[in-house]
Every structure is written in structure tokens, then in C-alpha cells.
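Model, not experiment: these values are computed from the prediction. Keep in mind that the numbers below use all heavy atoms, side chains included, and drop hydrogens, waters and symmetry copies.
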Amino acid sequence: MGSPATKSASHSPYHFLRLFSMPRDTSTCHVGVAFYTRHDFPTQWALVLSDNPLFEGNVWCSNAVETTNGWCVSWTPRAWSPAAGSAFDPPVALFSGVVHVAQVSAPTNSMQAWIARHNFASELDRFPVHAFDDIPYGTDKYVVLSLWRLREGRFINFYELDLKSLANQIRSRFLVLLQHSSRNLYPVIPFHENGAIAFGRSMLSLLPFASQAYY
């Protein structure tokens, strides 16, 4: 069975983008952007990594957090899905779903370690916007920078040519994601328009008693 990185995107229901492989490793990591919303609060973005294309099971969630000591990065493992609780601010934000960005031929834990080394909430990243193609710092820019550095590391590729256009593409897909909410399920939509929308199961729907409790 061939590596996922060698298959044509047209054969995949998730329309994965062009992929790059790490040497001597055939494990798979799916890279996505999760969204957490709460009325009257800015939408929180998080980078999510999983070996499952629906981001079910063990998932790494990461975002930038502003503290009294400045910006720092949070990495939180989830045992069920990105829907299994939230370490984000505000903590009661509602998980809305995932935009599936890419599939990488590398172990999820290896990708987490690589991103943690190369993408940190630094003072440099917090500098004011100086160019038309830049965006202010926050959870959205942290995620955009993570994806951009994965591109620079030749793990993934996408059509957007600058940070601003990449952020705008993610925001446009988030608006589409909001149109596909479902009870006990969350939408997983492709990064670009010409791909199938799938649904992952929330923690409650994965539990053995879920069918008895809700149906």
C-alpha cells in the first residue's frame, strides 16, 4: 500500500494539498485549524494535529496565550477530539469544527516537536503590522505562522502567497464551517472549496452510552 504522500489529491475525499515527506518515515499527520467561539468574544484559533483525518482520537491542540508575562504557546493533548474540553481563553468557548489544511507523511508527535521548535510566540512576532500583507498578532496569527513555517520547512504547500491572504482563506472557510453544525458531530471542511465536507464525532458521541443518553 503506497504512502499517502504519493497519491493524487483527486483520489481523496478530503482534497489534501500537495505533500512533502520526512525521510524514512511513513506515518501520517493531519494538520488543521480548530475554532472556538463564544458570544461577544473574538473567535479563538488553534492548530490541531492528528493521525486521523477527522481529528478523532488523540489530538494535539496549540495556540498562543497572552499572560501577564507576555505571549506564550500552549500545547494541549486531547484524548478524544478537539471538542474534548478547551484550554483556551475564554475557557467555555464552543468548539465549532476544523478546517483540514494538509496531510503530512510524518508522525504526529514529530510534527508537534518540529512546530514547537520553529514557531513560538516571540516578541518579533508581536511587532506591529508594518506591511499590507501582515496581520496583527493573536491566536489567528500564531496559527498562520505555524502553517507558514511548515511551508518553509517543505512539509506542506498552498496557493496563498502571504500571511494576510492565508489568514483570509482560513476565515472564509470558517464561515462555511459555521453553516454545517450538527448534533454530537463537528464539521471537518477542506482548506479549499473543491473538496468533500466530513464530520467528526464529539467526545459524547464516542462514549459507549452516548446512543442511550441522546437517542
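- A donor-acceptor contact shorter than 3.5 Å links the side chain of S146 to the backbone of Y142.
- Inter-residue side-chain proximity for R173 and P190 is flagged as met; some heavy-atom pair is nearer than 4.5 Å.
- Here the CG-OG1 distance, from N52 to T28, works out to 11.0 Å after rounding to the nearest 0.5 Å.
- Distance OG/S62 to CG/L49: 8.0 Å, rounded to 0.5 Å.
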Requested in this report: Check step by step if side chain to side chain contact (heavy atoms under 4.5 Å, CB included) holds for K164 and V144.
Outcome: CA-CA 9 Å; K164 188 173 183 178; V144 169; over 6 Å; no

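- By the 4.5 Å heavy-atom criterion applied to side chains, L145 and L163 are counted as neighbours.
- For Q44 (side chain) and F35 (main-chain N/O), no donor-acceptor pair under 3.5 Å exists by modelled atom type.
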**Report entry** From CA spacing to verdict: side chain to side chain contact (heavy atoms under 4.5 Å, CB included), F174, V33
**Finding:** CA-CA 9 Å; F174 169 63; V33 182; over 6 Å; no

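- Residues V188 and I197 have side chains not in contact (no heavy-atom distance under 4.5 Å, counting atoms from C-beta outward).
- Contact detail for V104 and M111: the closest heavy-atom pair is CG1-SD, 4.0 Å.
- In this structure, the side chains of H180 and V176 come closer than 4.5 Å at one or more pairs of heavy atoms.
- Closest non-hydrogen pair, F158 versus L166, comes out as CZ-CD2, 3.7 Å.
- Taking the side chain as every heavy atom from C-beta outward, E193 and Q169 approach each other to under 4.5 Å.
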Query raised in the report: When you look at S96 and T37, which way does the side chain to side chain donor-acceptor pair (under 3.5 Å) test go after all the steps?
Result: CA-CA 7 Å; S96 301; T37 58; 3.2 Å; yes

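- In this structure, the side chain of Y186 engages the main chain of L54 through a donor-acceptor pair within 3.5 Å.
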Report task. Output, in order, the C-alpha distance, side-chain angles, deciding distance and verdict of side chain to side chain contact (heavy atoms under 4.5 Å, CB included) for C61 and V59. Result -> CA-CA 6 Å; C61 296; V59 179; 4.1 Å; yes

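- The heavy-atom pair separating V98 from P82 by the smallest distance is CG2-CG, 4.2 Å.
- In this structure, the side chains of F191 and H100 stay at 4.5 Å or more apart for every pair of heavy atoms.
- Judged by distance alone, the side chains of S165 and N168 never bring a donor and an acceptor atom under 3.5 Å apart.
- A donor-acceptor pair under 3.5 Å is formed between the side chain of T139 and the backbone N or O of W45.
- In this structure E160 satisfies the side chain to side chain donor-acceptor pair (under 3.5 Å) test together with H192, sequence neighbours excluded.
- Distance SG/C29 to CD1/I115: 7.0 Å, rounded to 0.5 Å.
- T43 places none of its side-chain heavy atoms less than 4.5 Å from the side chain of D140.
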Report task. Take I189 and F199 through the side chain to side chain contact (heavy atoms under 4.5 Å, CB included) test and state the conclusion after the steps. Result -> CA-CA 8 Å; I189 71 170; F199 290 87; over 6 Å; no

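- For T108 against S50, the heavy-atom pair with the smallest separation is OG1-C, 3.4 Å.
- When atom types are taken as modelled, the side chain of R78 and the backbone of W60 share no donor-acceptor pair closer than 3.5 angstrom.
- Take N58 and apply the side chain to side chain donor-acceptor pair (under 3.5 Å) test, not counting sequence neighbours, and it matches no residue.
- Residues passing the side-chain contact (heavy atoms from CB on, under 4.5 Å) test with E152, sequence neighbours excluded: W148, R149.
- Side-chain contact between V31 and L47 is present, with heavy atoms from C-beta onward closer than 4.5 Å.
- In this pair, F95 and Y36 present their aromatic rings tilted. The plane angle is within the 30 to 60° band.
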